[in-house]
2 protein chains.
Amino acid sequence: MGAGPQISLDRSSPVPLYFQIAEQLEGAIVSGALAPGDKIDNELDLAGRLGLSRPTVRQAIQVLVDKGMVVRKRGVGTQVVHGKVRRSVELTSLYDDLTAAGQDPRTEVLGLRRVEADEDVARELQLEPGAPVWSVERLRYIGDEPLALMHNLLPASLLDLDAIDLTRVGLYAALRDAGIWMRVAKQRIGSRRADARESRVLAERKGAPLLTMQRTAYDDAGRAVEYGEHAYRPDLYAFEITLVDR
Amino acid sequence: MGAGPQISLDRSSPVPLYFQIAEQLEGAIVSGALAPGDKIDNELDLAGRLGLSRPTVRQAIQVLVDKGMVVRKRGVGTQVVHGKVRRSVELTSLYDDLTAAGQDPRTEVLGLRRVEADEDVARELQLEPGAPVWSVERLRYIGDEPLALMHNLLPASLLDLDAIDLTRVGLYAALRDAGIWMRVAKQRIGSRRADARESRVLAERKGAPLLTMQRTAYDDAGRAVEYGEHAYRPDLYAFEITLVDR
DNA sequence: TAGTGGTCTAGACCACAAT
DNA sequence: TTGTGGTCTAGACCACTAC
């Protein structure tokens, strides 16, 4: 005991100490230096070895627990979970997801209009019915294959989408540029048949199954800032999710 | 300032103080006593008012942040998120989900066999190919409608499924009874056409879209303990997920 | 009994937002 | 400048597990 992976700390870095530890432990797990089933040094040893207080070390390990990479058991210790690390759905856009996966997504803007919110949209976005919203419809390609048809609605008061080239940046990037930071998203994932138009733009047969996602996203002030209805080609996309019991 | 909902603490209770606070704040949000956009008392005030240290209060609020019910912003405060509270997918079985939603799920066991793990299953469950596993296929009804066709595989060394009446308890309940506690699950959600048999047992038309989920679950020792392939009728079921950027 | 994580205290200093 | 959450310290006692 007491060996474990080498961890180096930079106290002059703006990166919090607990995060530096978490990053390096995660690296050791991903690289295989810490194998599934291995125990991580207990919190007191690790704190002593790094010259930190126990709560700081504990906070670091909690990051890994939240990611589902390790499990803690009182009286036993902290063990690396079996099974390959599967990237979970995070609070990122599809564009970010694909870019991170080394893909090269391309986006075609099918429509960008300023419309009045109907009752459903107004409810989702916490607006008055009739309030101005941006309605943007985009088709995302992966290589030459159409992957997803995306319809998003955003309060027009938040930003000026008209001036933004959505073929070049993702929607979330445009929001970030406008100073809007997503913090919470509520999604509903389901499935249904493609209608005539969907099957045409997605190059699927009529009536083919689609994977659908409806999402409402909220910013760091708790405001609803985006409502989206997306349809994915299920042969090209699936949602991966890691659930943790804490 | 300094008003906020009344919170009562029971120091003799085995329920941790931070959890008692979180429960009561959550209750105030769900009941509407704390409305969307409202600010929660700041951490120091709340700590002072309750006679607790700040880290304890902070831990309580973190529970709500993790649930996506409030957002914190440095220099500003903690605010209740807009939008109705949507129950998120948690680490529970479909049976538990439905029971909690006030439904009355019924289960038909279509098959329960002890088989040898093929390569795919062995890899998912971290076993040697050929190791004995339970293979159980069940059909879940909601009312009179078939809702989901579920195929699960579990290491036979873990428990004796043969002796368990799976029509009466969920699979996860059977595992809990055997002293096995799920801690982490990795899911992949997609969609495809129903094949002939699936459309028959699910009372769907042939080729109808199905919502599919593959899951590997791990216990509190990090062991893979269950692999499942489930198919849901998309007109009766969808996955709801809350994502939080922490 | 020894070892582990779970909870809790009573502070400290800092970074960022609003005014 | 003031107020907020973000980070960190240096301990304490408890509950549970394994032996």
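Atom set for the values below is all heavy atoms of this structure, side chains included, hydrogens, waters and symmetry mates excluded. Chain naming here is simple, since letters A, B, ... match the order of the sequence lines and numbering starts at 1 in each.
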Margin query: Determine whether a donor-acceptor pair (N or O, by modelled atom type, separation under 3.5 Å) exists between the side chain of A:Trp134 and the backbone of A:Leu159.
Written below: yes
Check: Taking atom C1' of D:dG6 as reference, at what distance in whole Å does atom CD of A:Gln62 sit?
Finding: 16 Å
Notebook entry, point to check: Base, sugar-phosphate alone, or nothing: which one does B:Pro16 contact when heavy atoms must sit under 4.0 Å apart?
Noted result: sugar-phosphate
Note to self: Expressed as a whole number of angstroms, how long is the span from B:Asp45:CG to D:dT4:P?
What the structure shows: 6 Å
Check: Taking atom C1' of D:dT7 as reference, at what distance in whole Å does atom CD of A:Gln20 sit?
Finding: 12 Å
Next item on the list: Check every atom of D:dT9, D:dC13, C:dT4 against the side chain of A:Pro55 and return the nucleotide holding the closest atom.
Entry: D:dT9
Checklist line | NZ/NE/NH1/NH2 to OD/OE distance under 4.0 Å, B:Glu226 and B:Arg215 | finding: yes
Check: In terms of the nearest nucleotide of DNA chain D, which residue is placed more toward the 5' end: A:Ser53 or B:Arg72?
Finding: B:Arg72
Margin query: Rounded to whole Å, please give me the gap between CZ in A:Arg54 and C1' in C:dC8.
Written below: 11 Å
Item checked: For A:Lys67 against A:Thr242, the heavy-atom pair lying closest together -> O-CG2, 3.9 Å
Checklist line | Atom of B:Val76, atom of B:Lys39 and distance for their closest heavy-atom approach | finding: O-NZ, 3.6 Å
Notebook entry, point to check: Quick one: is A:Thr78 getting a side-chain N or O under 4.0 Å of the C:dT4 phosphate, OP1 or OP2?
Noted result: no
Notebook entry, point to check: OP1, OP2 of C:dT4 versus side-chain N and O of A:Asn42: anything below 4.0 Å?
Noted result: yes
Check: Given D:dT9, is OP1 or OP2 found less than 4.0 Å from the side-chain N or O atoms of A:Thr56?
Finding: yes
Next item on the list: Would you mind telling me which of C:dC13, C:dT7, D:dT4 lies closest to the side-chain atoms of B:Arg74?
Entry: D:dT4
Checklist line | Given DNA chain D, 5'-ward residue of the pair A:Leu17 and A:Gly75, judged by closest heavy atom | finding: A:Leu17
Item checked: A:Arg58 vs C:dG6: side-chain N/O to OP1/OP2 distance below 4.0 Å -> yes
Notebook entry, point to check: Does A:Tyr18 place a side-chain N or O at less than 4.0 Å from the phosphate oxygens OP1/OP2 of D:dC8?
Noted result: no
Note to self: Let's see if you can work this out: which of D:dT4, D:dC8, D:dA18 has an atom nearest to the side-chain heavy atoms of A:Val76?
What the structure shows: D:dA18
Margin query: If I take atom CZ in residue A:Phe19 and atom P in nucleotide D:dT7, what distance separates them, rounded to the nearest angstrom?
Written below: 10 Å
Item checked: Interatomic distance where CD belongs to B:Gln59 and P belongs to D:dT7 [whole Å] -> 15 Å
Item checked: Nucleotide of D:dC8, C:dT9, C:dG6 approaching B:Arg11 most closely (side-chain heavy atoms) -> C:dT9
Item checked: Of B:Arg188, B:Gln187, B:Gln214, the residue whose pairing with A:Glu240 passes side-chain hydrogen bond (donor to acceptor under 3.5 Å, both in side chains) -> B:Arg188
Check: Rounded to the Å, how far apart are B:Leu46 CG and D:dG3 P?
Finding: 18 Å
Notebook entry, point to check: What is the distance from CG of A:Leu9 to P of D:dT7, rounded to the nearest Å?
Noted result: 15 Å
Next item on the list: Classify the nucleic acid contact of B:Leu52 as base, sugar-phosphate or nothing, counting any heavy atom under 4.0 Å across all strands shown.
Entry: sugar-phosphate
Next item on the list: Please examine the side chains of A:Leu25 and A:Met69, heavy atoms only from C-beta on, and report whether any two atoms are closer than 4.5 Å.
Entry: no
